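First comes the structure, then the notes that go with it.
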Amino acid sequence: MELTNKQIVLISFILVICAILIGENAFWGGIGLLLILLTYIYGERFILALVIISLFTLVGDVGQSLRTFVQIIDFSLLGYLFLKRFGLRFYSYPRIPRFLVYFLLLYYFSMIASSVMSDYPISGLGLIARQTVFFVIVYLFYALINDEKDIRNYFLALTIASFILASSSILSFAIEGSFFTEGIRSRFTGLIGNPDVVSAFYMISIPLILSFLFRYKKKSIITINILLLLFFSLALFLTISRSAFLGVYTSTVIMFYILKRRYFKWLIISTVVLVLAVVLFEPLNEIITLSFRIESGLAKRDYLWATSVDIIKDYPVFGIGPGAYKYIFFNYFPVMLNSGIGTILKELYSLTDGSNLSHNYFLFLFSELGISGLVVALALPIIYFRVGLKTIKKYKNSSQEIYYFIVALFAGGASMFVRSTVDSIGLLFYGRVSSDLPFWILFGSLIYFYNNSNGLSNAQKSEVKINNTY
């Protein structure tokens with residue numbers, strides 16, 4: 001969009017007047033005016049990018065008032081953009097696939113039934129409401145996708161948010177100046193205190209960067225992407241999230257297998273060689289052990305898994321109910337309260353405000369929602385992999401740029417499911433924006449490509465129509 005001379009003069013005049021009025025707050029005022037100007041130039045896409053960036057960088061370990069303010073502004077902007085485009089014409093609202101509707105019905109049935117049968121029914125109401133608001137937000141992002149450029153805009157914003165979070169982690173390390181504090185390996189997460197939340201952004205961003213490395217041959221682009229890859233890898237290393245490393249490795253294996261089969265073979269060989277080297281060479285073993293907290297084993301997850309299994313044995317049908325974990329956790333405490341491990345588990349309980357500590361997505365839903373919760377937990381990866389693999393197959397013979405992009409999205413989401421075996425958050429943690437929204441934006445984007453038939457041959461379009469009927 002090009003500005004006319006009159007528009008430039010008008011904008012300049014407004015900036016001068018505002019700078020005079022702002023006075024001492026000229027810096028922040030200047031930023032505000034710059035954002036307004038960029039919004040005027042780039043329109044809705046810039047607003048959506050700004051919403052994503054602010055949601056994931058300004059709602060971490062900051063004051064509750066600022067977090068609430070940012071979320072209200074961002075959600076209001078999403079609602080405004082949606083109503084501006086569709087109004088109250090309900091028939092024109094984008095439809096979600098039937099298989100996802102059935103999944104959501106099952107999920108809500110599980111939450112409601114479990115809450116009704118729970119000893120703590122009130123605790124589930126707030127979580128069900130929060131999950132509902134979350135899915136509305138996810139739908140707004142999905143509905144505002146008009147074409148592939150909108151999806152690329154989403155993930156450019158996610159990458160920028162990842163860059164900001166990575167920068168804050170590295171800056172935190174630079175200030176601290178040491179990997180170890182009192183003999184314990186330090187974890188640097190920057191703006192967001194939870195390493196598992198921060199590392200999820202790198203799990204999504206790294207496959208996207210790899211797709212650009214595979215796709216583009218221009219030296220300047222290759223250099224930029226290699227530097228970004230190293231930057232995010234360093235930030236990921238500083239979080240020392242072993243589950244995230246496992247996830248990134250998984251996504252890399254998937255991308256190499258689909259896009260670069262020759263590299264896939266070398267990756268497997270290199271992995272075997274590295275494992276043997278770590279086992280056989282003591283100095284290397286010590287470095288890896290210290291760097292990745294291997295000496296901590298499962299980091300007390302085995303105790304928490306045992307606790308969840310005991311809860312499931314007592315509440316197999318309907319579970320304990322959403323949000324009831326904090327009320328019964330100490331009834332199933334796996335060790336003596338005042339033991340060393342007991343102290344650590346109590347601190348973890350306090351830090352998470354009594355949230356479910358299963359550290360496993362399947363145990364989490366099974367223990368809280370019962371057998372139907374386990375069905376929900378199993379259904380989501382089945383749906384995701386079916387949609388993802390069909391979408392990859394559909395676009396295999398279309399634009400290489402789109403194909404590589406879709407493979408990166410699929411690999412990033414797949415890595416989240418791998419990580420879910422040792423962490424509860426990131427998929428369906430009752431609608432926590434900072435932890436769950438990246439995956440659902442990714443899943444919504446895959447669903448858009450799954451339903452979309454632009455740029456395909458007539459034969460491919462016919463196949464899409466058949467696939468979308470299931």
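Quick caveat: nothing in here was measured; it's all calculated off a predicted structure.
Between Glu401 and Phe405 the shortest side-chain heavy-atom distance does not fall below 4.5 Å. At least one side-chain heavy atom of Leu409 sits less than 4.5 Å from a side-chain heavy atom of Leu208. Side-chain contact between Phe99 and Val387: present, with at least one pair of heavy atoms (C-beta onward) separated by less than 4.5 Å. Counting heavy atoms from C-beta on, the side chains of Ser241 and Tyr202 never come closer than 4.5 Å. Counting heavy atoms from C-beta outward, Val376 and Phe109 have side chains that stay 4.5 Å or more apart. Tyr404 is not listed as a side-chain neighbour of Met255, based on a closest heavy-atom distance of 4.5 Å or more. The shortest side-chain heavy-atom distance between Phe333 and Thr307 does not fall under the 4.5 Å cut-off. By the 4.5 Å heavy-atom criterion applied to side chains, Arg419 and Ile425 are counted as neighbours.
With rounding to the nearest 0.5 angstrom, the CG atom of Leu140 is 9.5 Å from the CG atom of Leu81. Rounding to the nearest 0.5 Å places CD1 of Ile170 at 12.5 Å from CD1 of Ile175. To the nearest 0.5 Å, atoms CZ (Phe69) and OG (Ser54) are separated by 10.5 Å. Between the CG atom in Leu234 and the CG atom in Leu229 there is a gap of 11.5 Å [rounded to 0.5 Å]. Between atom CZ of residue Phe141 and atom OG of residue Ser445 there is a gap of 10.0 Å, rounded to the nearest 0.5 Å. Between the CG atom of Leu213 and the CG atom of Leu228 there is a distance of 9.0 Å, given to the nearest 0.5 Å.
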Between Leu78 and Leu144, does a side-chain contact (heavy atoms from CB on, under 4.5 Å) hold up when you go through it step by step? CA-CA 9 Å; Leu78 279 175; Leu144 290 170; 4.0 Å; yes

Please walk me through it: do Val422 and Trp305 pass side-chain contact (heavy atoms from CB on, under 4.5 Å)? CA-CA 9 Å; Val422 290; Trp305 291 340; 4.0 Å; yes

side-chain contact (heavy atoms from CB on, under 4.5 Å) between Tyr395 and Val407: does it pass, once the steps are laid out? CA-CA 10 Å; Tyr395 281 89; Val407 171; over 6 Å; no

What do the steps show when you test Leu363 against Ile312 for side-chain contact (heavy atoms from CB on, under 4.5 Å), and what is the final call? CA-CA 8 Å; Leu363 290 177; Ile312 290 168; 3.8 Å; yes

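Leu236 and Ala244 make their closest contact through CD1-CB, 3.6 Å (heavy atoms, listed as atom of the first residue, atom of the second, distance). For the pair Gly444 and Ile145, the tightest heavy-atom approach, listed with the atom from each and the gap, is O-CD1, 4.4 Å. Heavy atoms only, all atoms of each residue included: Phe329 and Leu304 are closest at CE1-CD2, 4.3 Å. Leu442 approaches Phe155 most closely through the heavy-atom pair CA-CZ, 3.5 Å. Closest approach of Phe366 to Pro316, counting heavy atoms only: CE2-O, 3.7 Å. Nearest approach of Thr159 to Phe232, heavy atoms of both residues: O-CZ, 3.8 Å.
Checked against a 6.0 Å centroid threshold, the rings of Phe429 and Phe364 count as neighbours. Close placement of the Phe443 and Trp440 rings is indicated, their centers lying within 6.0 Å of each other. Ring centroid separation for the pair Phe417 and Phe439 comes in under the 6.0 Å cut-off.
One N or O on the side chain of Ser162 and one on the backbone of Leu158 form a donor-acceptor pair closer than 3.5 Å. Within the 3.5 Å criterion, the main-chain N or O of Met111 finds no donor-acceptor partner in the side chain of Ser114. No donor-acceptor pair closer than 3.5 Å links the side chain of Tyr332 to the backbone N or O of Val309.
Taking the side chain to side chain donor-acceptor pair (under 3.5 Å) definition, one finds that Thr343 meets it with nothing, sequence neighbours left out. When the side chain to side chain donor-acceptor pair (under 3.5 Å) test is applied to Asp310, no partner is found at least two apart in sequence or on another chain. Residues meeting the side chain to side chain contact (heavy atoms under 4.5 Å, CB included) test with Leu389, sequence neighbours left out: Phe410. Not counting sequence neighbours, the partners of Ala414 by the side chain to side chain contact (heavy atoms under 4.5 Å, CB included) test are Ile254, Phe385. Partners of Tyr303 according to the side chain to side chain donor-acceptor pair (under 3.5 Å) rule, which considers only residues two or more places apart in sequence or in another chain, do not exist here. Legend: residues meeting salt bridge (charged side-chain N to carboxylate O under 4.0 Å, His left out) with Arg85, ordered by chain and number and at least two apart, are Glu44. Partners of Asp150 by salt bridge (charged side-chain N to carboxylate O under 4.0 Å, His left out), not counting sequence neighbours, listed by chain and number: Arg45. Under the rule for a side chain to side chain donor-acceptor pair (under 3.5 Å), Arg215 has no partner lying at least two apart in sequence or in another chain.
A 6.0 Å sphere centred on OH of Tyr257 holds no more than 12 heavy atoms belonging to other residues, nucleotides or ligands. Surrounding OH of Tyr142 are more than 12 heavy atoms belonging to other residues, nucleotides or ligands, all under 6.0 Å away. When the shell of 6.0 Å around OH of Tyr93 is examined, it contains more than 12 heavy atoms from other residues, nucleotides or ligands. No more than 12 heavy atoms of other residues, nucleotides or ligands shown are found within 6.0 angstrom of OH on Tyr80.
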Which side-chain N or O atoms in residues 317-325 pair as donor and acceptor under 3.5 Å with protein atoms at least two apart or in another chain?
none

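Among pairs with a residue in residues 117-138, those fulfilling side chain to side chain donor-acceptor pair (under 3.5 Å) read Tyr107-Gln131, Tyr108-Thr132, at least two apart in sequence or across chains. For residues 354-372, the pairs satisfying side chain to side chain donor-acceptor pair (under 3.5 Å) are Ser110-Ser372, Ser308-Ser358, Ser355-Arg432, Asn356-Ser358, Asn356-Ser367, Asn356-Glu368, His359-Asp423, Glu368-Tyr430, with sequence neighbours left out. The salt bridge (charged side-chain N to carboxylate O under 4.0 Å, His left out) analysis of residues 261-276, with sequence neighbours excluded, yields no pairs.
The ring pair (Phe, Tyr, Trp, His ring centres under 6.0 Å) test with Phe163 singles out one residue from Phe201, Phe231, Phe56, and that residue is Phe231.
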